[in-house]
Amino acid sequence: MSLIAWIVLGLIAGFIASKIVSGSGQGAVMDIVLGVVGAVIGGWLFNTFGIAGVGGFNLYSLFVAVVGASVLLLLYHAVSRGVR
């Protein structure tokens, strides 16, 4: 995938994951970072369970990225609440 495709996929996945977990977006730049890192985490998780990870710019890759970004957000919220 090209860099532009990763950015677009990251923006969409990060925004959807933010809406699912927090109820609001995190901002364009943070949604992109969240989505791209989420795609990497989701790809790793799916590969760990023997399922294909991110494989291009398609709905399945978007789903993998949203799952990974949601896991990342849930972990972040769990850790940040435990630190306070």
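For this chain, numbers begin at 1 and follow the sequence in order.
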Q: With sequence neighbours excluded, tell me which residues meet side-chain contact (heavy atoms from CB on, under 4.5 Å) with Tyr76.
A: Ser80
(Q) Give me the atom names and distance for the closest heavy-atom approach of Ala65 to Gly35. (A) CB-O, 4.1 Å
Q | Phe46, CZ: over 12 other non-hydrogen atoms inside 6.0 angstrom | A | yes
Q) Under the side chain to side chain contact (heavy atoms under 4.5 Å, CB included) criterion, do Val66 and Ile20 qualify, and how do the steps go? A) CA-CA 9 Å; Val66 168; Ile20 291 171; 4.0 Å; yes
Got a list of side-chain donor-acceptor pairs under 3.5 Å for residues 47-57, not counting sequence neighbours?
residue: Asn47; atom: ND2; partner: Gly43; partner atom: O; Å: 3.1
residue: Thr48; atom: OG1; partner: Trp44; partner atom: O; Å: 2.7

Q) Could you state the interatomic distance from CG (Leu11) to CG (Leu34), rounded to the nearest 0.5 Å? A) 10.5 Å
Q) With the 4.5 Å side-chain cut-off for hydrophobic clustering, are Val40 and Val8 part of the same group? A) no
Q: Would you check if Trp6 and Ile32 make a side-chain contact, meaning some heavy-atom pair closer than 4.5 Å?
A: no
Q) Got a sec, which residues hit side-chain contact (heavy atoms from CB on, under 4.5 Å) with Leu75, two or more places apart in sequence or on another chain? A) Val71
Q: Look up atom CD1 in Ile4 and atom CG in Leu9, then write down how far apart they are to the nearest 0.5 Å.
A: 13.0 Å
Q | Non-neighbouring partners of Val21 that pass side-chain contact (heavy atoms from CB on, under 4.5 Å), sequence neighbours left out | A | Ser70, Leu73, Leu74, His77
Q) For Leu59, which residues count as a side-chain contact (heavy atoms from CB on, under 4.5 Å) partner, sequence neighbours excluded? A) Leu62
